[in-house]
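Everything below concerns the one structure shown next.
On a predicted model such as this, the values are computed, not experimentally measured, just so you know. We use all heavy atoms of the structure for the numbers below, so side chains are in, but hydrogens, waters and symmetry mates are not.
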Amino acid sequence: MSTLIKPGAERQLKNHSSFGQAVRNSLTMAYRGLLKIKRTPEQLFDVTFQPIIFTLMFTYIFGGAISGDVVSYLPVIIPGILVQTVITTSIVTGVQLREDMEKGVFDRFKSLPISRIAPLAGALLADTVRYTIATVLTFVMGYLMGYRPEGGIGYVAVAALLVIACSWAISWIFAFFGVIARTASSVQGISMIVLFPLTFLSNAFVPVDTMPDWLQWFVKINPISHLVTAVRELANSGTAGSDLVFSLVGAAVIVAIFAPITVRAYMRRT
């Protein structure tokens, strides 16, 4: 029967089967990541306590000085805290990837009849759950403090999906660091050096026009500022402007650049 199948068609069926196996194995590895969270719930401390602490701290410290009162500051700070928290959470992808490689977990995976890319893809998929938890908690905390997004639940959901998608894209950068770095602590150190100026030198916490002129140019071109503005427009007014397009295009460019080089480096090292 197999002799009746043309060589090209047989090769196409084989590739389709390999792709299907890679998807199934990646989902299995993602489930493994979720089980790790279930067994060690302290892994969620950063996505549970950080949104609460940061929202309370920044709102009550800066609210009166910037907007006159806390309630008026919430439409400004909640989107900023959301982006800052979820983007920072994406660092964990690279750190845990490096830890698993140091412990020899990936060496054991090589002996299994699974797709080689599955452990990497599964880790990236599982971490979207962390982003979702951080996103929901930030909005819930804001609501409890009096934040009422005028865009409505639909646009809030779109804003949440935008932040999760952009964070997933950025996690490819930290996954690359996790593959090439020597230790998990170095991954965290490098990642914080990259993220710290991007998140704090943005419009996430204070209006841009309150900053010195020499700093405003960087804040205006900072991709984090565009993402924060897109979230504010969606949640606060139910509008989608150029910042939304810029954020999506930026996320696509990051994936297009870092996904191939991360996979290539990962294949070489495993």
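In this structure, Phe205 has its ring center no closer than 6.0 Å to that of Phe62.
With no hydrogens or angles considered, a side-chain donor-acceptor pair links Thr183 and Ser186 at under 3.5 Å.
Among all heavy-atom pairs drawn from Ile91 and Gln188, the shortest one is CG2-CA, 4.4 Å.
In this structure, Leu161 stands alone, with no Ile, Leu, Val, Met, Phe, Trp or Tyr side-chain heavy atom under 4.5 Å from its own, directly or through other members. In the hydrophobic clustering (ILVMFWY side chains linked at under 4.5 Å, chained through shared members), Phe246 stands by itself.
Residues Val231 and Val163 meet the side-chain proximity criterion, which asks for heavy atoms closer than 4.5 Å. Under the 4.5 Å side-chain criterion, counting only non-hydrogen atoms from C-beta, Thr55 is not in contact with Ile77. The closest side-chain heavy-atom distance from Val83 to Thr199 is not below 4.5 Å. Considering only heavy atoms from C-beta on, Glu150 stays 4.5 Å or farther from Tyr155 through its side chain. You'll find the side chain of Pro197 stays beyond 4.5 Å of the side chain of Phe218, heavy atoms only. Between Met145 and Leu56 the shortest side-chain heavy-atom distance falls below 4.5 Å. Side-chain contact between Gln50 and Gln84 is present, with at least one heavy-atom pair separated by less than 4.5 Å.
A distance of 11.0 Å separates OG1 in Thr89 from CD1 in Ile164, rounded to the nearest 0.5 Å.
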side-chain hydrogen bond (donor to acceptor under 3.5 Å, both in side chains) assessment of Tyr147 paired with Thr138: CA-CA 11 Å; Tyr147 177 51; Thr138 302; over 6 Å; no
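None of Val158, Thr229, Val156 except one satisfies the side chain to side chain contact (heavy atoms under 4.5 Å, CB included) rule with Leu234; the exception is Val158.
Using bins of under 30°, 30° to 60° and over 60° for the plane-to-plane angle, the ring pair Trp168/Trp172 lands in the perpendicular bin.
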